[in-house]
Amino acid sequence: MTKKKKNEISRRDFLKMTSLASVSLPVATVLGKIGNDEIVFSPEEYSGFLIRRPAKGAPPYQVDDSVYKRFDQKNDVFSRNVWDEKVIADEQAIAGNPVEMMQKQTPGKSRVDFAFYTAAWTVATSLGSQSGAIGGVHAGLYDVAPLAGTMAAGYPFGMLGPWNPGAEGYSPEEVTTIIKKAAKLYGASLAGIATVDERWFYDKAYQGPYTNNPETIGRHAPIVFEEADAPKYLEDGTLVIPKSMKYVIAMAFEMDEDGIATSLAGPASAAVGNGYSRMSFTAGSLAEFIRALGYNALPCGNNTALSIPIAVDAGLGELGRNGMLITPKYGPRVRLAKVVTDLPLVPDAPISFGVTEFCENCGKCADNCPGGAILKGQNARTYEPVNLSTNPGVYKWPVDCVKCHQVWTQNGMDCSVCIRTCPFNKPDAWLHSATRALIAGNSGTLDQLMVKLDDASGYGTQLDTQEFWKRDRYVHVKS
Amino acid sequence: MLNMIIGAVVIGVFWFVVNYVRGKNLQLTWWQWLLTILGLAFAGFTLATVTTLAGEYSPKAALVLGGMLGLITVIWGVLMARFVFLRAS
């Protein structure tokens, strides 16, 4: 037998150490804590990211409440295209002509592309839902009141009074699970719960150009929280939300990956429109479900409140440099809707997974934005607005929505280049899960390396429209 | 079916390595074995990366990452052959 040399590790010691590491690491990551934060790993919800849930009372954003005021929707860029003469004139000067594009068969802007794109908006723009979907009056599937003629409205639920889940043995956590499952079955990709934060609701709503009722364009009225039995509109257009409606169900809808990859072409706009249509159908259905249980529900698309901070509060993701919600599983490739309710639910906690640190070191969206609407460089976050359409008082990268919308107008359809080029926009595969785990480590050097690798690998480049039609990958509700 | 074939290939590679070592009567230490296994695992990782990225319709990524990882795999193999297997024989 040979003598054991000093400092030599035996096979037995090595096996003991590796066994200990292999057992303790997953235990620590699934149930562990770093400081006061909880660490969670869930492939179904978060792909490969190690998610930090900050301790209660520690918001994932910084708001200067001495400056911050509820945003007047009149100042968003869609609304400004109704009343702001300079914005209107500037856009008219550069507006693309869809008919010309179709006649010239411009790549990505052919008749097939425009037909594909516009038809994707069918549910969102019919059934009276357009204003709720894009931002304005609650109507259609987004109505403040129960929808007439639906199966749920016709059922005699009213004879039973409000559902008492406790009496039927359901805990608040189980009720919350039921609501989230319903949201996902109805069409949401992600669902989370937040408590109502009045700061995220528009101070005043404004009806912009996108509506099924043109006579309401320009309607500008307050949104108030008061004691009331149900959400309602007053005669002057004021939207009253009962103070008892304390919960918001935030939902994210994955958009087709190959479609978005063609941005600025038709299939990308079709992916966006399909997202809006699914928002409308799902938010409306979920609201009817909650109403059938005897509670109030106010389904919202882009209207009434800011979807992104609500989704951040609900634990669906973090705010990115491009002004979008970045989700662990889909990156920014999601649309958002929400339902405000008084059904008692258990709120989720906000999450953190390295987005802010990564965005500081990346800037790919800013480098590729056709309109130059996104701030470039490190340390660019600020509490200051860049124009009337950005709200001061939140520490973020403010996006120049006017420059952004000008690209849409010139393009003849919307733009989603910032979504396409974002490194967080990746398929749900083991290789990208490994990368996501590295991003969650918050290492600036590693982040910079990954951005370079992302560029070298060709991620974020525009997919040819003809190639899009050949691919056979689709969005699935349960993916 | 493909997974069965891949599994069979993996077992075959390990069987070949073990039999090669026995046949040549090589005396490998435990850490040399460990490096050999890690090297083979890294080669498998390289192959899996290329096939995953190709399956995702990302040919450029498959080429770039496959090239980088493949280079590391080759260097690892050459170093193992030069400093482990040849010295052990």
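Because only heavy atoms are used, hydrogens play no part in the values below, and waters and symmetry mates are left out as well, while side chains stay in. Each chain gets a letter, A, B and so on, in the order its sequence line appears, and its residues count up from 1. Just so it is clear, the structure is predicted and the values come from calculations on it, not from any experiment.
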Check B:T52 against A:A429 and note the closest heavy-atom contact, atom names and distance.
-> CG2-CB, 4.3 Å
In this structure, are over 12 heavy atoms from other groups packed under 6.0 Å from A:Q105 atom CD?
-> no
Side chain, backbone, both or neither: which part of B:L34 has a heavy atom under 4.5 Å from chain A?
-> side chain
Which distance, rounded to the nearest 0.5 Å, do you find between the CZ of A:F468 and the OH of B:Y57?
-> 11.5 Å
For residues B:K60 and A:S457, report the shortest heavy-atom separation together with the two atoms involved.
-> CB-O, 3.5 Å
With a 4.5 angstrom heavy-atom cut-off, could you sort out which part of A:L463 is near chain B: side chain, backbone, both or neither?
-> neither
Which atoms of B:A62 come close to chain A, meaning under 4.5 Å heavy atom to heavy atom: side chain ones, backbone ones, both, or neither?
-> neither
Can you establish whether the number of heavy atoms outside A:R471 located under 6.0 Å from its atom CZ is more than 12?
-> yes
So do B:E56 and A:L431 actually touch side chain to side chain, heavy atoms under 4.5 Å?
-> no
Given a strict heavy-atom distance threshold of 4.5 Å, which part of B:T49 is in contact with chain A: side chain, backbone, both, or neither?
-> both
